[in-house]
Peer 1: 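Provided herewith is a single structure, encoded as structure tokens, for subsequent inquiry.
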Amino acid sequence: MDLNTDLVQELLGALPHEGGVLTDPDLLQSYEHDEADLVPYGTPAVVVRPRTTGQVSAVLRAATRHRIPVIPQGARSGLAGGANAIEGAIVLSLTGMNEIIDIDAANRIAVVQPGVVNAQLRRAVAAEGLYYPPDPGSWEQSTIGGNVSTDAGGMCCVKYGVTSDHVIGLEVVLASGEVLNCGRRTAKGVAGYDLTSLFVGSEGTLGVITEITVKLRPAPEPALTLVAVFDTLAAAGAAVSAVVSSGMQPSMLEVIDRVTLTAIEAYRPMDLPTAAAALLVAAVDSGGRAPDDLARIAAMCRSAQASDVYVASDEAEADSLLAARRLAHPALEHFAAQLFPGGGGIMVDDVAVPRTRLVELIEGIEFISAEHGVVVATVGHAGDGNLHPIIVIDRSDPVNLAQGQKVFDAIMSLGLSLGGTSTGEHGVGLLKRDWLAREIGPTGLKAHRSIKTALDPDNILNPGKVF
């Protein structure tokens, strides 16, 4: 089969709108990979940009007939290579399916297409007095479809959970082109297998998500925020352990280490205390109890040897602290480019441990960094034990690159040894396939393969990802 004639003509017939099918080599290159560093990717043979579920179904039927791999993509803001193209594949870009279909304020649900940007949905439901909690750092860019595919988290996870805690229904196109509707719109529902949960976090390997039903919450009270400054990263971890052990439910509990603070300040000056070993950013949205709750957290931070505790004076100051935290990833990319002008880059890890083991994880990361002589920035959602050690590397130096990989593997091994998991919210993609296999074991891997084979017998959906 000549891909440039047979399949492309079939796709043009299914997606006749302008820009529905892309074959220009320069355009194809822009769809090759997501934000993950040092994982392989290829150039797709064609990119399709559907607008309807029917068009997605037609693409998958054609791909199945021709045995051509299909790589679903959203905004490509992922950090594990889960959206990376492979050579000669069809890239199925869902960013054009970006309609908020329904906001049902009475039943507290919203129905959206996968290309809706996270921040767009949050603002739309806020206008109705409602709240969609998941807030990944890339919320102004990442799409709900991508969030669902990786089961994304964010800074509110400590209180409100990850994406899967808010998805109650899906429309999914299977590899055969058949359309599956699973889940519900009701407050309760336990009929049949929980297929919705099966597809959430499946990273495009089991089906293409074309419609998502999420549950919403009443808008919370404005949060009160504080920042605690620590002379050691472990002391910040001890403060986190004290807060979570107390039974309190902060709406945010984030840690930022000195490397990250320095990078953020260089990237966008904000008068951050770059001499500190770590900052702990905490927020509470508990209404009338919030001042007392924040005072309790402040006291716990001081007991853990915080050198200073600052309470945000107003909502604007609190928002600026949150904005600083969101800048960690681009700031560290800039930092790496400055440190290694010939090829600076970062490897973003994502490891979660039981919250009671957080201090051990922090101390272990510091030891691994020193042992290998590689810069590691530690930032993350400390309140739920999910850290993002970010390894700064020089791509142009094979020795440094090899050391960076050793550091990555050592941190992964440490996380699993502490009873943790290989990913808390970024997904497996290409980056962590071997680590998933270690985590779930042979029987778990066999079960994963059986499910994949049942739903995608020809292995056309995002092949090579996850396992």
Side-chain angles (χ1 to χ4, degrees), residues 77 79 117-123 125-126 131-142 147 152-163 217 219-230 236 239-240 243 248-258 260-274 276 278-287 290-291 293-294 297-298 301 306 308-334 348 377-384 386-388 390 424-425:
S77 59
L79 294 167
V117 172
N118 183 288
Q120 177 191 357
L121 175 61
R122 295 190 83 195
R123 293 179 182 124
V125 302
Y131 179 47
Y132 177 66
D135 63 339
S138 58
W139 74 310
E140 293 279 8
Q141 176 189 6
S142 64
N147 294 168
M155 283 165 274
C156 71
C157 293
V158 63
K159 181 173 183 178
Y160 295 108
V162 295
T163 299
R217 301 175 58 96
E221 296 288 334
L224 300 182
T225 305
L226 67 75
V227 170
V229 181
F230 292 89
V240 171
V243 173
M248 297 185 66
Q249 263 203 319
S251 56
M252 180 171 61
L253 200 54
E254 296 286 302
V255 67
I256 309 172
D257 78 343
R258 179 183 288 124
T260 310
L261 288 170
T262 302
I264 294 171
E265 189 65 20
Y267 183 69
R268 188 171 300 174
M270 306 174 74
D271 292 326
L272 296 172
T274 54
L279 287 191
L280 190 65
V281 184
V284 291
D285 60 4
S286 48
D293 288 345
L294 202 68
I297 293 174
C301 289
D308 284 297
V309 177
Y310 304 100
V311 176
S313 58
D314 54 32
E315 192 171 350
E317 189 175 1
D319 287 344
S320 71
L321 293 170
L322 183 59
R325 167 63 183 87
R326 291 191 189 278
L327 285 173
H329 185 222
L332 284 162
E333 286 185 322
H334 180 262
V348 182
T378 298
V379 63
H381 317 304
D384 49 16
N386 183 195
L387 295 184
H388 300 312
I390 300 177
E425 59 182 13

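Just so you know, these numbers use all the heavy atoms, side chains as well, and skip hydrogens, waters and symmetry mates.
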Peer 1: Heavy-atom distance under 4.5 Å between the side chains of V229 and V309, does that happen here?
Peer 2: no

Peer 1: Could you check whether H329 and H388 have their ring centres less than 6.0 Å apart?
Peer 2: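 Judged by ring-centre distance (under 6.0 Å), H388 and H329 do not meet the cut-off.
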
Peer 1: Is there a side-chain contact between L280 and V240 in this structure, where contact means two heavy atoms from C-beta onward sitting under 4.5 Å apart?
Peer 2: yes

Peer 1: Does R326 use its side chain to pair, donor to acceptor, with the backbone of P136 at less than 3.5 Å?
Peer 2: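 Yes, because the side chain of R326 sits within donor-acceptor range (under 3.5 Å) of the backbone of P136.
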
Peer 1: Could you work out, with side chain to side chain contact (heavy atoms under 4.5 Å, CB included) as the rule, every residue matching C157, not counting sequence neighbours?
Peer 2: V162, D384, E425

Peer 1: Can you check whether P134's main-chain N or O pairs, donor with acceptor, with N118's side chain at less than 3.5 Å?
Peer 2: yes

Peer 1: Give me the atom names and distance for the closest heavy-atom approach of E315 to P222.
Peer 2: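 For E315 and P222, the tightest heavy-atom pair comes out as OE1-CB, 4.5 Å.
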
Peer 1: Give the minimum heavy-atom separation between I390 and V379, together with the two atoms involved.
Peer 2: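 So the two residues come closest at CD1-CG1, 4.0 Å.
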
Peer 1: How far does CG of D271 sit from OG of S320, to the nearest 0.5 angstrom?
Peer 2: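 That separation rounds to 10.0 Å.
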
Peer 1: Would you mind reporting whether Q249 and V284 have side-chain heavy atoms less than 4.5 Å apart?
Peer 2: no

Peer 1: How long is the straight-line distance from CD1 of I297 back to CG of L226, given to the nearest 0.5 Å?
Peer 2: 6.0 Å

Peer 1: Of all heavy-atom pairs between V125 and Y132, which one has the smallest distance, and what is that distance?
Peer 2: CG2-N, 3.8 Å

Peer 1: For the residue pair L294 and A282, what are the closest heavy atoms and their distance?
Peer 2: CD1-O, 4.3 Å

Peer 1: Distance check, rounded to the nearest 0.5 Å: L272 atom CG versus T262 atom OG1?
Peer 2: 9.0 Å

Peer 1: Working to the nearest 0.5 Å, report the span between CD1 of I264 and CD1 of I256.
Peer 2: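 Answer for the CD1-CD1 pair, I264 versus I256, is 5.0 Å.
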
Peer 1: Is there a side-chain contact between L279 and V255 in this structure, where contact means two heavy atoms from C-beta onward sitting under 4.5 Å apart?
Peer 2: no

Peer 1: Nearest 0.5 Å, what's the CG-CE distance between L261 and M270?
Peer 2: 11.0 Å

Peer 1: Does T378 reach the side chain of T260, with side-chain heavy atoms less than 4.5 Å apart?
Peer 2: no

Peer 1: State, yes or no, whether a side-chain contact exists between C301 and F230 at a heavy-atom distance under 4.5 Å.
Peer 2: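 Yes, close enough: below the 4.5 Å cut-off.
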
Peer 1: Between the side chains of D293 and S286, is a donor N or O closer than 3.5 angstrom to an acceptor N or O?
Peer 2: yes

Peer 1: Would L322 and M155 satisfy side chain to side chain contact (heavy atoms under 4.5 Å, CB included), going step by step from the backbone distance to the final call?
Peer 2: CA-CA 9 Å; L322 183 59; M155 283 165 274; 3.5 Å; yes

Peer 1: Is the shortest distance from a Lys or Arg side-chain nitrogen in E140 or R123 to a carboxylate oxygen in the other one below 4.0 Å?
Peer 2: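 R123 and E140: salt-bridged.
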
Peer 1: May I ask you to test the P133-C156 pair for a side-chain heavy-atom distance under 4.5 Å?
Peer 2: yes

Peer 1: For A223 and A283, which heavy atoms make the closest approach, and how far apart are they?
Peer 2: CB-CB, 4.3 Å

Peer 1: Taking C-beta and beyond as the side chain, do P250 and V243 meet within less than 4.5 Å on heavy atoms?
Peer 2: yes

Peer 1: Would you please test R325 and H381 for side chain to side chain contact (heavy atoms under 4.5 Å, CB included) and show each step?
Peer 2: CA-CA 10 Å; R325 167 63 183 87; H381 317 304; 3.4 Å; yes

Peer 1: Does atom OH of Y131 have more than 12 heavy-atom neighbours from other groups under 6.0 Å away?
Peer 2: yes

Peer 1: Within this structure, what is the CG-OH distance for the pair D135 and Y160, rounded to the nearest 0.5 Å?
Peer 2: 10.5 Å

Peer 1: To check you understand the geometry: which heavy-atom pair defines the closest contact between P330 and Y267, and what is its length?
Peer 2: CB-OH, 3.7 Å

